[in-house]
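Have a look at the structure below, then the notes.
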2 protein chains.
Amino acid sequence: MADLAELAGVSKITVSRALSESPLVNAETRERVQALARKHGYKLNVSARNLRLRRSHTVAVIVEMKPSTERTMWDPYPLSLLGGISQELTSAGYSVLLTTRQGASHAAVQAADGLILLGQGARQDAVRLYDKLGLPMVVWGAAGDGGDNHTVVGSDNHQGGVEVAERFLSIGRRHPVFIGNPDHPEMAQRLFGFIDELTRHGIKPLLLRRVDFTLESGVDAVRSLWARKVRFDAIFACSDLLAMGAIRALVELGQTVPNDVSVIGYDDTPLGASFLPPLSSVRQNWQEGGVLLARKVLAMIHGQPVQSQMMATTLVVRAT
Amino acid sequence: MADLAELAGVSKITVSRALSESPLVNAETRERVQALARKHGYKLNVSARNLRLRRSHTVAVIVEMKPSTERTMWDPYPLSLLGGISQELTSAGYSVLLTTRQGASHAAVQAADGLILLGQGARQDAVRLYDKLGLPMVVWGAAGDGGDNHTVVGSDNHQGGVEVAERFLSIGRRHPVFIGNPDHPEMAQRLFGFIDELTRHGIKPLLLRRVDFTLESGVDAVRSLWARKVRFDAIFACSDLLAMGAIRALVELGQTVPNDVSVIGYDDTPLGASFLPPLSSVRQNWQEGGVLLARKVLAMIHGQPVQSQMMATTLVVRAT
DNA sequence: GAGGTGAATGATATCGATATCAAGATATCG
DNA sequence: CGATATCTTGATATCGATATCATTCACCTC
């Protein structure tokens, strides 16, 4: 910038003003300086600016969806959110700093203007940890206890459960089963919604705990029900893969879907949609979720009041 | 840092040295300063350090896989690579700055120590654009013309095509069809590999151009073949979705897979693996790809010699 | 005991930008 | 025509860290 100043025959500060479109500088001077800057390929030193302005124009995104730290980055789940976040933040002129929880101790994260936490961690420990940093923070997940310094955005898992229950009830199902892992706060909400709605009609679902969200796990779940000779006519699975596994096992056992047993999955993956038969599923709009997360951090950074928000889910009824 | 210096009764510079584990400082002093730093929650100002050291310990990842700029972040493809990149870089103490091409003009990207470009853009224009920045750069994609300042990492699409051809030949197929979009450099490589190997055995495949990589597009492709009464006994589809669509159409038309027609997809998605029948497909290891990308940039940043590299593909033979 | 060695610490300058205050040039007004 | 307002520019200090060179002091050797 000093060089530019010399070239243009003005002072550094005038160059600075010209490049930042300050109205304090003469239009002609501004043009001249900007032309020179382009010509010589001048590049602003972001560190210097950030140092002076005491802000980084950066939001750190910490990904930690599962207890298994090894695999966190691999699930398509956080990655979809990331898409929305990234688009919204970059178009607002902010940078996205991507880290896993291990990397989050690095200094760069602390320099961020705000934090987006994907996944609350077991027992909210991650949330508490980052709350201490005192940065504007938005968390993706189930609505927490609140009262902290952070905002929560998530999809309304409780409502998702309710919708599935309503659907089952409306088509006359009376012996529903829930497959999933209620230790996970978001899954728990789905279960609660499911139970709440069923209970209002005097029905009590069976809870089948499954930790792995794989196709095999779904197959296994149904087989175990069958082996125990449990009577059931509807399955609410916490993921599409579980649901597809369940259907596959049902078919093997000579059951037809949806005549004998209705099955509804969760997440409405393309995978489920192109399954045969096409899977009914609860859709969460992750793109929108990401955008919302980004908007909330930005609002917090700008000191605007921000509220937690749960996004509506949609039950997509296909063939199962 | 100045405050810490006063508290500890030493100078700023000594504090700096103590916190950076410099051997120039007395062990006892170092302990004392570090204890104070912890106690008062001291946080290093990264901007200041970066300014002084003239580096940012940051690698920018620019995502631009498809001509359609709107959707770039949504394909699971770049996102998987991102996982590997992120883990490798953060564990090496580097930060990952995530941007789309639109956001890449922002100053923060230019401040990065290195660049990872996911997707070369149509006609390599993106590559050329960023090459100008003069930063260490690694590009994911098909091996380019080389000779530029960047390194290319990608999976060996040509070999992938060859492997599929070999498989078809080994099971006696004589009328293969290729479905995909040869305008895309990576797809083109697959096609070339496919053709090269087949030609060695005097066989010429049929090329069916399809731009969309959806299930519907695959269905449509096979129907059009059928309508034209083309004779074919093997299909190499450029994506698993295309392959699954093709199979679905074949089944509708009364053909059996793989008895009448063999089908092989690309990418070995979980989707394909849990398809019925389980899809044969060419696997690219994206996790490894991401790790490799990260390692190469780091090497370039450290001034070590780096070479472009194509990763081997694996043909996973399942039921189709 | 003079000179040399090495360990520990400090003073100062510096990285590249911007905020603040000051000042010169020009325009406007009665 | 002088005074005040407006526009434009500049000098200086500053953000928070680290590199460089200088200094102090204890200890060792001959």
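Since the model is a prediction, treat every value here as computed from it, not as a measurement.
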Discussion item. For a side-chain hydrogen bond (donor to acceptor under 3.5 Å, both in side chains) check, start with the C-alpha distance between H57(B) and N50(B), then their side-chain angles and the critical distance, and finish with the verdict.
Written reply: CA-CA 8 Å; H57(B) 259 245; N50(B) 288 346; over 6 Å; no

Worksheet entry | B/S/- contact track for nucleotides 7-12 of chain D, protein heavy atom under 4.0 Å | -BBBB-

Distance in angstrom units between [X] [atom1] and [N] [atom2], rounded:
{"X": "N50(A)", "N": "dC15(C)", "atom1": "CG", "atom2": "C1'", "result": "14 Å"}
{"X": "L53(A)", "N": "dG16(C)", "atom1": "CG", "atom2": "C1'", "result": "12 Å"}
{"X": "D3(B)", "N": "dC15(D)", "atom1": "CG", "atom2": "P", "result": "11 Å"}
{"X": "N45(B)", "N": "dT14(D)", "atom1": "CG", "atom2": "P", "result": "17 Å"}
{"X": "R49(A)", "N": "dG16(D)", "atom1": "CZ", "atom2": "C1'", "result": "18 Å"}
{"X": "L4(B)", "N": "dG10(C)", "atom1": "CG", "atom2": "P", "result": "14 Å"}
{"X": "H57(A)", "N": "dA17(C)", "atom1": "NE2", "atom2": "P", "result": "16 Å"}
{"X": "E31(B)", "N": "dA8(C)", "atom1": "CD", "atom2": "C1'", "result": "16 Å"}

Worksheet item: Mind checking who dT6(D) pairs with, Watson-Crick or G-U wobble, both distances under 3.5 Å?
Response: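 Across all strands, the one nucleotide that pairs with dT6(D) is dA25(C).
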
Practice prompt. Among E288(B), E186(B), Q284(B), Q189(B), find the one that has a side-chain hydrogen bond (donor to acceptor under 3.5 Å, both in side chains) with S155(B).
Written response: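 Only one of E288(B), E186(B), Q284(B), Q189(B) forms a side-chain hydrogen bond (donor to acceptor under 3.5 Å, both in side chains) with S155(B), namely Q284(B).
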
Fill in: Those residues that, when tested against D113(A), pass side-chain hydrogen bond (donor to acceptor under 3.5 Å, both in side chains) (two or more places apart)
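Expected list: S56(A).
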
Below 3.5 Å is the cut-off: list the nitrogen or oxygen pairs between protein and nucleotides 23-28 of chain C, distance only.
none

Worksheet item: Does a nitrogen or oxygen in the side chain of Y42(A) sit under 4.0 Å from OP1 or OP2 of dG16(C)?
Response: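 Result: no.
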
Worksheet entry | Side-chain N,O (R54(B)) to OP1/OP2 (dG16(C)) below 4.0 Å |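 So the side-chain polar atoms of R54(B) do come within 4.0 Å of the phosphate oxygens OP1 or OP2 of dG16(C), strictly under.
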
Discussion item. Please determine whether the number of non-hydrogen atoms from other residues, nucleotides or ligands lying under 6.0 Å from atom CD of Q307(A) exceeds 12.
Written reply: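 Atom CD in Q307(A) is not crowded, with 12 or fewer foreign heavy atoms closer than 6.0 Å.
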
Discussion item. Mind checking if L51(B) touches a base, just sugar-phosphate, or nothing, with heavy atoms under 4.0 Å?
Written reply: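 Contact class for L51(B): base.
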
Worksheet item: Would V10(A) and R32(A) count as a side chain to side chain contact (heavy atoms under 4.5 Å, CB included) if you check the C-alpha gap in whole Å, the side-chain angles of each, and the deciding distance to 0.1 Å?
Response: CA-CA 11 Å; V10(A) 296; R32(A) 191 158 46 91; 4.3 Å; yes

Are [X] and [Y] packed together at the side-chain level, in the sense that at least one heavy-atom pair is separated by less than 4.5 angstrom?
{"X": "L82(B)", "Y": "L98(B)", "result": "yes"}
{"X": "E21(B)", "Y": "R30(B)", "result": "yes"}
{"X": "Y94(A)", "Y": "T58(A)", "result": "no"}

Worksheet item: Yes or no on side chain to side chain contact (heavy atoms under 4.5 Å, CB included) for V63(B) and L81(B), after CA distance, side-chain angles and deciding distance?
Response: CA-CA 10 Å; V63(B) 181; L81(B) 282 169; over 6 Å; no

Fill in: Proximal nucleotide (of dT18(D), dT18(C), dG16(D)) relative to the R52(B) side chain
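Minimum distance to the R52(B) side chain belongs to dT18(D).
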
